[in-house]
2 protein chains.
Amino acid sequence: MTPAALRVLEAAGRLFYERGIHAVGVDLIAAEAGVTKKTLYDRFGSKEQVVADYLADRDERWRAFLGRHLAAAPPAAAARVLAVFDAARAWSDEHGPRGCGMVNAHAEISDPAHPAHPIITGQKRWMLALFTDLAAEIAPDGAGRLGPALMLLHEGALVAHGLAVFPDPIRHAREQARALVTAAGDAAARR
Amino acid sequence: MTPAALRVLEAAGRLFYERGIHAVGVDLIAAEAGVTKKTLYDRFGSKEQVVADYLADRDERWRAFLGRHLAAAPPAAAARVLAVFDAARAWSDEHGPRGCGMVNAHAEISDPAHPAHPIITGQKRWMLALFTDLAAEIAPDGAGRLGPALMLLHEGALVAHGLAVFPDPIRHAREQARALVTAAGDAAARR
DNA sequence: CCGTCAATATACCGATCTGTATAGTGAGCG
DNA sequence: CGCTCACTATACAGATCGGTATATTGACGG
């Protein structure tokens, strides 16, 4: 990845997230990156590919960001669930309040053949697997319900945060998640 | 609202929801509606206004649809909460699996001055008020937590449904909502 | 019967869109 | 030295974008 390509990815990431994918043209991306369109097309080949690389980069950053938060959290599964919500809040503090970039991109990309599609669904599947794995540590026979429930709270928190319909939805979701995992943990301990 | 304007609104609603707002041009809307662009601009004045009217129409239809489901539900608040999730599933069965049209539109409209903005946030505020009112009937002193919790589950269910990351997220959300309202009702009864 | 009005058909405007073509510059490297 | 390669500058192509102009038709109501 050449320096110019990195600047394109940085500019595209900022502009796509803040204004939406279809609302941002390649001329603007190139100008903001301080790069000619020729260079952009030499490196990426098409706008579609810039979009896909933007989402893949964002996915990679989020997984690393979350990984650092999980590494700093206590080893107990319940605490790690809460660490996911803490990471989500810290991420949105850093990266802006427009909700989940994957969900926003999915709203603009209807074609399932678009190269961005597997990246979006891949991240969501990965997050569901993470929640389900943590749920299995807390209540092995209830993971099929607890995992999706945590996923729903997480997705709901991100979209509610983006819509700004009520204050601090991620904190609300974290509290609900805490109640769910403690209840599931207590029920598993009684068995 | 003239017959041609109604056809424009029908075509715009279908195309905007299926393909996204920026991906659909006014020429296509006019062609699909069997209407000339002149007529479209005589009736709506701008594409922005077509977008706003599309969302206002969708909002109105959803509230009426939900109202019919609530009218058919038992009067108990807990049952009415579940009826909201049942309505969401029936709605998505009828109107397509691409998630919430308001959330998708919000992902494409970054400008807060866009005429569609108050319609989107208005529907979400209305839904939160509905959930909070129902929560207050179930547990008067816990409505400030139960209402947003139900909202998070509902929003999460819609986005998860759109992303199709796991099967039947609305049913999952309904089950979680049932657990929440029964727990809150039991706690309120013990006091 | 005449004016209003919703609608048609068609052509056009300037701007912007993604993408390409041509020519040239400068640094690193064998 | 000479080749490669990342990059710049500029211009352009063809399509589509939102929006407008002109002229016409047909129905309906006072």
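Quick note on labels: first sequence line is chain A, next is B, and so on, each numbered from 1.
- Along DNA chain D, read 5' to 3', the first and last nucleotides having any atom under 4.0 Å from a heavy atom of chain A are D:dA6 to D:dA9.
- Across residues 16-25 of chain B, B:V24, B:G25 each have a non-hydrogen atom less than 4.0 Å from an atom of DNA chain D (numbered order).
- Note on residues 127-150 of chain A: pairs passing side chain to side chain donor-acceptor pair (under 3.5 Å), not counting sequence neighbours, are A:D141-A:R191.
- Screening B:H161, B:K124, B:H106 against B:C100 for a side-chain contact (heavy atoms from CB on, under 4.5 Å) leaves a single residue, B:K124.
- Using a 4.0 Å cutoff on non-hydrogen atoms, no part of residues 45-55 of chain B comes near DNA chain C.
- Listed by chain and residue number, A:A4, A:V35, A:T36, A:R43 satisfy the side chain to side chain contact (heavy atoms under 4.5 Å, CB included) test with A:T39 (two or more places apart in sequence, or in another chain).
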Tabulate atom names and distances for all N/O pairs under 3.5 angstrom spanning the protein and nucleotides 7-15 of chain C.
| from | atom 1 | to | atom 2 | distance (Å) |
| --- | --- | --- | --- | --- |
| C:dA7 | OP1 | B:T2 | OG1 | 3.1 |
| C:dA7 | OP1 | B:A4 | N | 2.9 |
| C:dA7 | OP2 | B:T2 | OG1 | 2.7 |
| C:dA7 | OP2 | B:R43 | NE | 2.9 |
| C:dT8 | OP1 | B:G34 | O | 2.9 |
| C:dT8 | OP2 | B:T36 | N | 3.3 |
| C:dT8 | OP2 | B:T39 | OG1 | 2.8 |

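- Judged by distance alone, the side chains of A:E108 and A:N104 never bring a donor and an acceptor atom under 3.5 Å apart.
- Applying the side chain to side chain contact (heavy atoms under 4.5 Å, CB included) criterion to A:H172, with sequence neighbours excluded, gives A:F166, B:P148, B:L152.
- Atom CZ of A:R61 has 12 or fewer heavy atoms from other residues, nucleotides or ligands within 6.0 Å.
- The side chain to side chain contact (heavy atoms under 4.5 Å, CB included) check on A:A90 picks up A:F65, A:H69, with sequence neighbours excluded.
- Salt bridge status for A:D42 with A:K38: present, with a side-chain N to carboxylate O gap under 4.0 Å.
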Under 3.5 Å, which donor-acceptor pairs link side chains of residues 10-19 of chain A to any protein atom two or more places apart or in another chain?
| from | atom 1 | to | atom 2 | distance (Å) |
| --- | --- | --- | --- | --- |
| A:E10 | OE2 | A:R14 | NE | 3.1 |
| A:R14 | NH1 | A:E32 | OE1 | 3.0 |
| A:R14 | NH2 | A:E32 | OE1 | 3.4 |
| A:Y17 | OH | A:G96 | O | 3.2 |
| A:Y17 | OH | A:R98 | N | 2.9 |
| A:Y17 | OH | A:G99 | N | 3.2 |
| A:Y17 | OH | A:G99 | O | 2.6 |

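- Taking the side chain as every heavy atom from C-beta outward, A:V165 and B:M127 never approach each other to under 4.5 Å.
- Ion pairing of B:D93 with B:R89 is absent here, as no side-chain N (NZ or NE/NH1/NH2) approaches a carboxylate O to less than 4.0 Å.
- Looking at B:L158 and A:E155, their side chains never come closer than 4.5 Å, going by heavy atoms from C-beta outward.
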Side chains of residues 71-87 of chain A: which donor-acceptor partners sit under 3.5 Å, not counting sequence neighbours?
| from | atom 1 | to | atom 2 | distance (Å) |
| --- | --- | --- | --- | --- |
| A:R80 | NH1 | A:L70 | O | 3.4 |
| A:D86 | OD1 | A:R174 | NH1 | 3.0 |
| A:D86 | OD2 | A:R174 | NH1 | 2.8 |

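- Two residues are said to be in side-chain contact when any heavy atoms from C-beta on lie closer than 4.5 Å; B:D57 and B:D53 fail this criterion.
- Scanning for side chain to side chain contact (heavy atoms under 4.5 Å, CB included) contacts around A:P118 gives an empty result, with sequence neighbours left out.
- Heavy-atom distances under 4.0 Å link DNA chain C to no residue of residues 105-115 of chain A.
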